[in-house]
Number of protein chains: 2
Amino acid sequence: MKMSTRFSDAIHILAFIVIYKEKVQLSSDTIASSIGTSPVVVRRLMAQLKKGGLLTTVPGFADPTLKKPAEVVTLLDVYLTIEGDKPLFSVDPKTNPACIVGGNIQPTLTEYYRQAEVAAKAKLQQTTLQDLIDTILVRQAEKEAGK
Amino acid sequence: MKMSTRFSDAIHILAFIVIYKEKVQLSSDTIASSIGTSPVVVRRLMAQLKKGGLLTTVPGFADPTLKKPAEVVTLLDVYLTIEGDKPLFSVDPKTNPACIVGGNIQPTLTEYYRQAEVAAKAKLQQTTLQDLIDTILVRQAEKEAGK
DNA sequence: AACTCCCGAAACTTTTTTAGTTACATGAAT
DNA sequence: ATTCATGTAACTAAAAAAGTTTCGGGAGTT
(Lines give C-alpha, C1' and ligand atoms only; values in the text may rest on other atoms or scores of the structure.)
Protein backbone atom coordinates (compact mmCIF):
# COMPACT_ATOMS: atom_id res chain seq x y z
CA MET A 1 0.00 0.00 0.00
CA LYS A 2 0.99 3.61 -0.27
CA MET A 3 3.34 4.99 2.35
CA SER A 4 1.40 6.52 5.17
CA THR A 5 1.29 10.31 5.37
CA ARG A 6 -0.53 10.27 8.71
CA PHE A 7 2.59 11.37 10.58
CA SER A 8 3.11 14.44 8.39
CA ASP A 9 -0.63 15.22 8.33
CA ALA A 10 -0.78 15.08 12.13
CA ILE A 11 2.14 17.51 12.37
CA HIS A 12 0.31 19.70 9.86
CA ILE A 13 -2.80 19.70 12.06
CA LEU A 14 -0.87 20.74 15.17
CA ALA A 15 1.08 23.44 13.34
CA PHE A 16 -2.13 24.74 11.77
CA ILE A 17 -3.83 24.98 15.16
CA VAL A 18 -0.94 26.99 16.63
CA ILE A 19 -0.46 29.27 13.65
CA TYR A 20 -4.15 29.99 13.10
CA LYS A 21 -5.19 30.06 16.74
CA GLU A 22 -7.90 32.70 17.13
CA LYS A 23 -7.44 33.68 13.48
CA VAL A 24 -9.78 31.25 11.77
CA GLN A 25 -12.27 28.69 12.95
CA LEU A 26 -10.30 25.53 13.62
CA SER A 27 -12.80 23.01 12.33
CA SER A 28 -11.85 19.74 10.68
CA ASP A 29 -13.27 21.15 7.44
CA THR A 30 -10.89 24.09 7.55
CA ILE A 31 -7.86 22.01 8.47
CA ALA A 32 -8.76 19.46 5.77
CA SER A 33 -8.63 22.23 3.17
CA SER A 34 -5.08 23.07 4.19
CA ILE A 35 -3.97 19.45 4.07
CA GLY A 36 -5.91 18.67 0.90
CA THR A 37 -7.82 15.75 2.34
CA SER A 38 -11.22 14.75 3.69
CA PRO A 39 -12.49 16.17 7.03
CA VAL A 40 -13.06 12.64 8.30
CA VAL A 41 -9.36 11.91 7.89
CA VAL A 42 -8.58 15.01 9.97
CA ARG A 43 -11.06 13.99 12.66
CA ARG A 44 -9.47 10.54 12.86
CA LEU A 45 -6.05 12.08 13.40
CA MET A 46 -7.42 14.62 15.88
CA ALA A 47 -9.00 11.80 17.87
CA GLN A 48 -5.63 10.03 17.95
CA LEU A 49 -3.77 13.17 18.96
CA LYS A 50 -6.30 13.72 21.74
CA LYS A 51 -5.97 10.12 22.91
CA GLY A 52 -2.20 10.56 22.86
CA GLY A 53 -2.37 13.59 25.14
CA LEU A 54 -1.26 16.17 22.58
CA LEU A 55 -4.60 17.82 21.85
CA THR A 56 -7.73 18.93 23.64
CA THR A 57 -10.98 18.85 21.69
CA VAL A 58 -14.66 19.08 22.48
CA PRO A 59 -17.35 17.43 20.32
CA GLY A 60 -19.68 20.09 18.98
CA PHE A 61 -17.25 22.95 19.38
CA ALA A 62 -14.48 23.73 16.93
CA ASP A 63 -11.78 24.88 19.34
CA PRO A 64 -8.96 22.36 19.48
CA THR A 65 -5.97 23.38 21.57
CA LEU A 66 -2.56 21.93 22.28
CA LYS A 67 -2.32 20.28 25.66
CA LYS A 68 1.31 21.29 26.02
CA PRO A 69 3.23 24.27 24.66
CA ALA A 70 4.59 23.85 21.13
CA GLU A 71 8.10 24.31 22.56
CA VAL A 72 7.64 21.09 24.51
CA VAL A 73 6.00 18.86 21.88
CA THR A 74 8.56 17.02 19.75
CA LEU A 75 8.19 15.34 16.39
CA LEU A 76 8.89 12.08 18.23
CA ASP A 77 5.87 12.71 20.48
CA VAL A 78 3.71 13.00 17.38
CA TYR A 79 5.29 9.97 15.72
CA LEU A 80 4.71 7.74 18.74
CA THR A 81 1.15 8.99 19.08
CA ILE A 82 0.26 8.36 15.46
CA GLU A 83 2.41 5.39 14.48
CA GLY A 84 2.88 3.82 17.88
CA ASP A 85 5.42 1.01 17.75
CA LYS A 86 5.29 0.62 13.99
CA PRO A 87 8.90 0.02 12.94
CA LEU A 88 10.77 1.92 10.24
CA PHE A 89 12.18 -1.30 8.81
CA SER A 90 10.32 -4.55 8.44
CA VAL A 91 11.91 -7.95 9.12
CA ASP A 92 10.45 -10.81 7.12
CA PRO A 93 8.49 -12.73 9.77
CA LYS A 94 8.16 -16.00 7.86
CA THR A 95 11.70 -17.29 7.47
CA ASN A 96 12.48 -21.01 7.75
CA PRO A 97 13.33 -21.79 11.40
CA ALA A 98 15.03 -25.06 10.46
CA CYS A 99 17.77 -23.17 8.63
CA ILE A 100 20.72 -21.49 10.36
CA VAL A 101 20.05 -18.18 8.61
CA GLY A 102 16.27 -18.43 8.49
CA GLY A 103 16.17 -19.51 12.11
CA ASN A 104 18.27 -16.70 13.52
CA ILE A 105 17.96 -13.73 11.24
CA GLN A 106 14.70 -12.33 12.66
CA PRO A 107 15.90 -11.51 16.19
CA THR A 108 19.32 -10.57 14.85
CA LEU A 109 18.06 -8.08 12.28
CA THR A 110 15.38 -6.83 14.65
CA GLU A 111 18.13 -5.70 17.02
CA TYR A 112 20.20 -3.95 14.36
CA TYR A 113 17.07 -2.33 12.92
CA ARG A 114 16.07 -1.18 16.41
CA GLN A 115 19.40 0.60 16.82
CA ALA A 116 18.85 2.48 13.56
CA GLU A 117 15.32 3.37 14.64
CA VAL A 118 16.59 4.67 17.97
CA ALA A 119 18.98 6.95 16.10
CA ALA A 120 16.21 8.30 13.90
CA LYS A 121 13.87 8.81 16.82
CA ALA A 122 16.57 10.59 18.82
CA LYS A 123 16.85 13.05 15.96
CA LEU A 124 13.06 13.50 15.81
CA GLN A 125 13.13 14.18 19.53
CA GLN A 126 15.51 17.10 18.95
CA THR A 127 12.94 18.93 16.87
CA THR A 128 9.97 20.61 18.51
CA LEU A 129 6.71 21.64 16.97
CA GLN A 130 7.76 25.25 17.64
CA ASP A 131 10.95 24.72 15.60
CA LEU A 132 8.84 23.57 12.67
CA ILE A 133 6.40 26.45 13.06
CA ASP A 134 9.27 28.95 13.21
CA THR A 135 10.69 27.51 9.99
CA ILE A 136 7.31 27.62 8.25
CA LEU A 137 6.82 31.27 9.24
CA VAL A 138 10.33 32.17 8.09
CA ARG A 139 9.71 30.48 4.73
CA GLN A 140 6.41 32.33 4.40
CA ALA A 141 8.04 35.67 5.22
CA GLU A 142 10.70 34.94 2.59
CA LYS A 143 7.97 34.17 0.06
CA GLU A 144 6.19 37.42 0.86
CA ALA A 145 9.42 39.41 0.73
CA GLY A 146 10.32 37.80 -2.57
CA LYS A 147 7.16 38.97 -4.26
CA MET B 1 0.30 -1.59 1.28
CA LYS B 2 2.18 -4.01 3.43
CA MET B 3 5.62 -2.91 4.56
CA SER B 4 8.28 -4.22 2.28
CA THR B 5 10.53 -7.00 3.56
CA ARG B 6 12.83 -6.77 0.54
CA PHE B 7 15.59 -5.13 2.60
CA SER B 8 15.62 -7.93 5.18
CA ASP B 9 15.28 -10.61 2.49
CA ALA B 10 18.25 -9.18 0.58
CA ILE B 11 20.38 -9.27 3.75
CA HIS B 12 19.19 -12.85 4.25
CA ILE B 13 20.36 -13.77 0.76
CA LEU B 14 23.83 -12.31 1.27
CA ALA B 15 24.23 -13.90 4.70
CA PHE B 16 23.05 -17.24 3.33
CA ILE B 17 25.60 -17.11 0.50
CA VAL B 18 28.47 -16.42 2.93
CA ILE B 19 27.41 -18.97 5.54
CA TYR B 20 26.63 -21.78 3.09
CA LYS B 21 29.40 -21.06 0.61
CA GLU B 22 30.63 -24.39 -0.75
CA LYS B 23 28.33 -26.20 1.66
CA VAL B 24 25.12 -26.36 -0.37
CA GLN B 25 24.17 -25.40 -3.88
CA LEU B 26 23.37 -21.70 -3.79
CA SER B 27 20.44 -21.71 -6.18
CA SER B 28 17.48 -19.37 -5.91
CA ASP B 29 15.36 -22.41 -5.04
CA THR B 30 17.55 -23.22 -2.04
CA ILE B 31 17.74 -19.65 -0.81
CA ALA B 32 13.97 -19.26 -1.29
CA SER B 33 13.43 -22.20 1.05
CA SER B 34 15.41 -20.47 3.77
CA ILE B 35 13.52 -17.22 3.35
CA GLY B 36 10.15 -18.90 2.92
CA THR B 37 9.31 -17.26 -0.37
CA SER B 38 9.18 -17.92 -4.12
CA PRO B 39 12.43 -18.45 -6.11
CA VAL B 40 11.40 -15.65 -8.48
CA VAL B 41 11.40 -13.19 -5.59
CA VAL B 42 14.94 -14.29 -4.74
CA ARG B 43 16.05 -13.93 -8.36
CA ARG B 44 14.64 -10.40 -8.49
CA LEU B 45 16.58 -9.43 -5.37
CA MET B 46 19.73 -11.14 -6.62
CA ALA B 47 19.48 -9.21 -9.88
CA GLN B 48 19.22 -5.97 -7.89
CA LEU B 49 22.14 -6.90 -5.63
CA LYS B 50 24.20 -7.69 -8.74
CA LYS B 51 23.23 -4.40 -10.36
CA GLY B 52 24.16 -2.63 -7.11
CA GLY B 53 27.64 -4.12 -7.15
CA LEU B 54 27.23 -6.37 -4.13
CA LEU B 55 26.89 -9.74 -5.86
CA THR B 56 28.35 -11.65 -8.78
CA THR B 57 26.10 -14.13 -10.53
CA VAL B 58 26.15 -16.07 -13.79
CA PRO B 59 22.97 -17.13 -15.64
CA GLY B 60 22.82 -20.91 -15.87
CA PHE B 61 25.24 -21.53 -13.03
CA ALA B 62 24.27 -21.46 -9.36
CA ASP B 63 27.36 -19.92 -7.84
CA PRO B 64 26.63 -16.42 -6.58
CA THR B 65 29.48 -14.74 -4.73
CA LEU B 66 29.91 -11.50 -2.86
CA LYS B 67 31.76 -8.88 -4.84
CA LYS B 68 33.34 -7.44 -1.69
CA PRO B 69 34.27 -9.09 1.61
CA ALA B 70 31.44 -9.33 4.16
CA GLU B 71 33.56 -7.18 6.50
CA VAL B 72 33.24 -4.32 4.02
CA VAL B 73 29.57 -4.56 3.04
CA THR B 74 27.34 -2.56 5.37
CA LEU B 75 23.61 -2.76 5.96
CA LEU B 76 23.43 0.73 4.46
CA ASP B 77 25.00 -0.59 1.25
CA VAL B 78 22.24 -3.17 1.03
CA TYR B 79 19.52 -0.66 1.90
CA LEU B 80 20.60 1.79 -0.77
CA THR B 81 20.87 -0.99 -3.33
CA ILE B 82 17.42 -2.39 -2.62
CA GLU B 83 15.41 0.65 -1.58
CA GLY B 84 17.36 3.37 -3.33
CA ASP B 85 16.16 6.82 -2.28
CA LYS B 86 12.90 5.61 -0.79
CA PRO B 87 12.44 7.69 2.36
CA LEU B 88 11.67 6.33 5.82
CA PHE B 89 9.03 8.98 6.40
CA SER B 90 6.56 10.22 3.86
CA VAL B 91 5.52 13.88 3.57
CA ASP B 92 2.03 14.41 2.23
CA PRO B 93 2.69 15.78 -1.28
CA LYS B 94 -0.74 17.29 -1.87
CA THR B 95 -1.07 20.07 0.68
CA ASN B 96 -2.75 23.37 -0.19
CA PRO B 97 -0.08 25.81 -1.45
CA ALA B 98 -2.35 28.81 -0.86
CA CYS B 99 -2.22 28.24 2.89
CA ILE B 100 0.70 29.27 5.12
CA VAL B 101 1.01 25.78 6.58
CA GLY B 102 0.03 23.83 3.49
CA GLY B 103 2.33 25.94 1.34
CA ASN B 104 5.46 25.53 3.46
CA ILE B 105 5.20 22.31 5.35
CA GLN B 106 6.47 20.01 2.60
CA PRO B 107 10.01 21.39 2.24
CA THR B 108 10.15 22.08 5.97
CA LEU B 109 9.20 18.58 7.05
CA THR B 110 11.28 17.05 4.28
CA GLU B 111 14.38 18.66 5.80
CA TYR B 112 13.61 17.48 9.35
CA TYR B 113 12.75 14.00 8.08
CA ARG B 114 16.00 13.92 6.11
CA GLN B 115 17.99 14.59 9.25
CA ALA B 116 16.29 11.67 11.01
CA GLU B 117 16.95 9.45 7.99
CA VAL B 118 20.63 10.43 7.97
CA ALA B 119 20.86 9.38 11.62
CA ALA B 120 19.28 6.01 10.91
CA LYS B 121 21.46 5.42 7.87
CA ALA B 122 24.60 6.35 9.81
CA LYS B 123 23.70 3.61 12.26
CA LEU B 124 23.07 1.10 9.45
CA GLN B 125 26.48 2.03 8.07
CA GLN B 126 28.10 0.98 11.34
CA THR B 127 26.92 -2.61 10.92
CA THR B 128 28.62 -4.90 8.43
CA LEU B 129 27.28 -8.06 6.91
CA GLN B 130 30.02 -9.88 8.80
CA ASP B 131 28.71 -8.48 12.11
CA LEU B 132 25.28 -9.89 11.30
CA ILE B 133 26.71 -13.25 10.25
CA ASP B 134 28.79 -13.45 13.44
CA THR B 135 25.68 -12.78 15.51
CA ILE B 136 23.66 -15.40 13.61
CA LEU B 137 26.38 -18.01 14.16
CA VAL B 138 26.64 -17.14 17.85
CA ARG B 139 22.86 -17.49 18.23
CA GLN B 140 22.96 -20.83 16.42
CA ALA B 141 25.79 -22.08 18.63
CA GLU B 142 23.80 -21.06 21.70
CA LYS B 143 20.79 -22.94 20.37
CA GLU B 144 22.87 -26.06 19.77
CA ALA B 145 24.51 -25.78 23.18
CA GLY B 146 21.13 -25.33 24.81
CA LYS B 147 19.77 -28.56 23.44
C1' DA C 1 -37.15 22.68 22.57
C1' DA C 2 -35.36 22.90 18.02
C1' DC C 3 -31.74 23.75 15.02
C1' DT C 4 -27.01 24.07 13.37
C1' DC C 5 -22.40 22.99 13.66
C1' DC C 6 -19.02 19.99 15.18
C1' DC C 7 -16.21 15.72 16.86
C1' DG C 8 -15.84 10.74 16.84
C1' DA C 9 -16.59 6.31 15.03
C1' DA C 10 -18.19 2.65 11.84
C1' DA C 11 -18.63 0.56 7.45
C1' DC C 12 -17.55 0.40 2.88
C1' DT C 13 -14.86 1.53 -1.48
C1' DT C 14 -10.81 2.92 -4.01
C1' DT C 15 -6.04 3.19 -4.67
C1' DT C 16 -1.43 1.86 -4.21
C1' DT C 17 2.22 -1.13 -3.20
C1' DT C 18 4.25 -5.61 -2.29
C1' DA C 19 4.58 -10.47 -2.85
C1' DG C 20 3.28 -14.56 -5.36
C1' DT C 21 2.53 -17.07 -9.65
C1' DT C 22 3.10 -18.36 -14.39
C1' DA C 23 5.73 -18.21 -18.35
C1' DC C 24 9.54 -17.48 -21.35
C1' DA C 25 14.35 -16.08 -23.05
C1' DT C 26 18.87 -17.09 -22.67
C1' DG C 27 23.37 -18.69 -20.63
C1' DA C 28 26.43 -22.56 -18.57
C1' DA C 29 27.50 -27.16 -17.84
C1' DT C 30 26.99 -31.81 -19.04
C1' DA D 1 20.66 -31.80 -27.27
C1' DT D 2 19.34 -31.66 -22.65
C1' DT D 3 19.11 -30.04 -18.05
C1' DC D 4 19.67 -26.64 -14.74
C1' DA D 5 20.03 -22.02 -13.72
C1' DT D 6 19.46 -16.63 -13.81
C1' DG D 7 16.76 -12.75 -15.31
C1' DT D 8 12.70 -10.59 -16.82
C1' DA D 9 7.83 -9.77 -18.03
C1' DA D 10 3.03 -10.01 -17.24
C1' DC D 11 -0.54 -11.02 -14.43
C1' DT D 12 -2.97 -11.97 -9.88
C1' DA D 13 -3.67 -11.80 -4.89
C1' DA D 14 -3.16 -9.65 -0.57
C1' DA D 15 -2.58 -5.94 2.57
C1' DA D 16 -2.66 -1.31 4.06
C1' DA D 17 -3.84 3.61 3.60
C1' DA D 18 -6.88 7.19 2.18
C1' DG D 19 -11.41 8.60 0.73
C1' DT D 20 -16.43 8.45 1.10
C1' DT D 21 -20.85 7.90 3.22
C1' DT D 22 -23.38 7.67 7.25
C1' DC D 23 -24.79 8.15 11.92
C1' DG D 24 -24.61 9.14 17.07
C1' DG D 25 -24.18 12.48 20.24
C1' DG D 26 -22.27 16.94 22.36
C1' DA D 27 -22.08 22.29 22.49
C1' DG D 28 -23.82 26.60 21.37
C1' DT D 29 -27.39 29.46 19.59
C1' DT D 30 -31.99 30.88 18.77
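Letters A, B, ... are given to chains in the order of the sequence lines, protein chains preceding strands, and every chain is numbered from 1. Only a predicted model underlies this, so the values are computations on that prediction, with no experimental measurement involved.
- Put simply, CG on L26(B) is 15 Å from C1' on dC4(D), counting in whole angstrom units.
- Of the listed residues (S28(A), S34(A), S27(A), S33(A)), just one forms a side chain to side chain donor-acceptor pair (under 3.5 Å) with T30(A), and that residue is S27(A).
- Checking the phosphate oxygens (OP1, OP2) of dC7(C), no side-chain nitrogen or oxygen of T57(A) falls inside 4.0 Å.
- F7(B) and Y113(A) have their aromatic ring centers within a separation under 6.0 angstrom.
- Rounded to whole angstrom, the span from the CG atom of L45(A) across to the P atom of dA18(D) amounts to 8 Å.
- Heavy-atom distances to DNA chain D give each of T37(A) and K51(B) a nearest nucleotide, and the one nearer the 5′ end belongs to K51(B).
- Between S38(A) and dA18(D) there is no side-chain N or O to OP1 or OP2 distance below 4.0 Å.
- At whole-Å resolution of the value, CZ in F61(A) and C1' in dA27(D) are 8 Å apart.
- Of the candidates dT8(D), dG28(D), dG8(C), dT8(D) carries the atom nearest the V40(B) side chain, counting heavy atoms from C-beta on.
- The interatomic distance linking Q48(B) (CD) with dG7(D) (P) rounds to 12 Å, in whole Å.
- To the nearest angstrom, P of dA10(C) lies 14 Å from CZ of R43(A).
- Residue R6(A) places at least one side-chain N or O closer than 4.0 Å to OP1 or OP2 of dA17(D).
- Ion pairing of R114(B) with E111(B) is present here, as a side-chain N (NZ or NE/NH1/NH2) and a carboxylate O approach within less than 4.0 Å.
- Atom CG in D29(B) sits roughly 10 Å away from atom C1' in dC4(D) (whole-Å rounding).
- For T5(A) and dA17(D), the shortest distance from a side-chain N or O to OP1 or OP2 is not below 4.0 Å.
- Within the structure, a side-chain polar atom (N or O) of K50(B) is placed less than 4.0 Å from OP1 or OP2 of dG7(D).
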Next item on the list: List the steps, then state whether side-chain hydrogen bond (donor to acceptor under 3.5 Å, both in side chains) holds for T95(B) with Q106(B).
Entry: CA-CA 8 Å; T95(B) 54; Q106(B) 289 179 43; 2.6 Å; yes
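- The shortest distance between the side-chain N/O atoms of S4(A) and the OP1/OP2 oxygens of dA16(D) is not below 4.0 Å.
- Judged by distance alone, with hydrogens and angles left aside, R44(A) brings a side-chain donor or acceptor within reach of the base of dT20(D), the pair sitting under 3.5 Å.
- D63(A) places its CG atom 12 Å from the C1' atom of dA27(D), with the value rounded to the nearest Å.
- Ranking dG28(D), dG20(C), dG8(C) by closeness to the K94(A) side chain, first place goes to dG20(C).
- Checking dG27(C), dT8(D), dA18(D) against every side-chain atom of A47(B), the shortest atom distance belongs to dT8(D).
- Rounded to whole Å, the distance from NZ on K86(B) to P on dT16(C) is 17 Å.
- Dashed line: the shortest gap from a side-chain N or O of Q25(A) to OP1 or OP2 of dC5(C) is not under 4.0 Å.
- A distance-only check finds a donor-acceptor pair linking the side chain of K50(B) to the backbone of T57(B) [under 3.5 Å].
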